[in-house]
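In what follows, a structure is listed as structure tokens, so that the remarks can point back to it.
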Amino acid sequence: MSATELLEQVKALPVAERGKLLDAIIALELDEAPAAAGTGKTGRLVWPDIEARSRDNFGDRVFPNPVLLEREEGER
């Protein structure tokens with residue numbers, strides 16, 4: 001049975017029956033959730049040091065911020 005056929009049959013159910021079906025599906029998902037949660041990697045995410053990479057590439061140069069320059073020109 002395809003997903004489309006299944007959806008058509010679910011749409012044909014009375015509203016109360018659809019509610020029971022959805023409750024049963026949610027209950028199945030909640031039963032399987034603890035098993036699925038333990039399979040992933042745990043630990044802290046390590047972000048790259050963008051500031052250090054920038055210093056390596058450009059040294060200690062400070063580049064002007066074009067947005068701030070445009071705002072200053074607009075205030076004049």
Side-chain angles (χ1 to χ4, degrees):
M1 174 181 290
S2 71
T4 306
E5 293 171 345
L6 181 63
L7 285 175
E8 289 174 4
Q9 289 185 3
V10 169
K11 286 179 185 179
L13 290 173
V15 175
E17 292 296 318
R18 274 189 256 164
K20 289 179 186 177
L21 176 66
L22 291 175
D23 289 341
I25 292 171
I26 291 171
L28 286 173
E29 288 292 321
L30 292 177
D31 289 342
E32 294 178 5
T39 59
K41 287 176 55 176
T42 59
R44 188 173 177 168
L45 181 63
V46 178
W47 290 91
D49 189 358
I50 296 174
E51 185 178 354
R53 184 183 299 173
S54 171
R55 266 193 314 270
D56 289 344
N57 291 337
F58 302 110
D60 291 331
R61 289 183 282 177
V62 177
F63 294 99
N65 186 338
V67 174
L68 294 178
L69 293 175
E70 185 176 329
R71 287 181 186 168
E72 288 175 1
E73 288 177 4
E75 291 176 359
R76 293 181 190 174

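The figures that follow rest on heavy atoms only: side chains count, while hydrogens, waters and symmetry mates do not. Just so you know, residue 1 is the first one in the sequence shown, and it goes up from there.
In this structure, E17 CD and L22 CG are separated by 11.5 Å, a value rounded to the nearest 0.5 Å. Considering CZ of R55 and CZ of R61, their distance stands at 14.0 Å, rounded to 0.5 Å. Expressed to the nearest 0.5 Å, how far CG of D49 lies from CG of D56 amounts to 9.0 Å. In this structure, CD in E72 is found 9.5 Å from CG in N65, a value given to the nearest 0.5 Å.
Counting all heavy atoms, side chain and backbone alike, L13 lies closest to R18 at O-NE, 3.2 Å.
Atom CD1 of I50 sits in a sparse spot, with 12 or fewer heavy atoms from other residues, nucleotides or ligands closer than 6.0 Å.
Looking at W47 and L45, their side chains come closer than 4.5 Å, going by heavy atoms from C-beta outward.
Between the side chain of E5 and the backbone N or O of S2 there is at least one donor-acceptor pair closer than 3.5 Å.
At a threshold of 4.5 Å between side-chain heavy atoms, the hydrophobic network of Ile, Leu, Val, Met, Phe, Trp and Tyr places I25 and V10 in one connected group.
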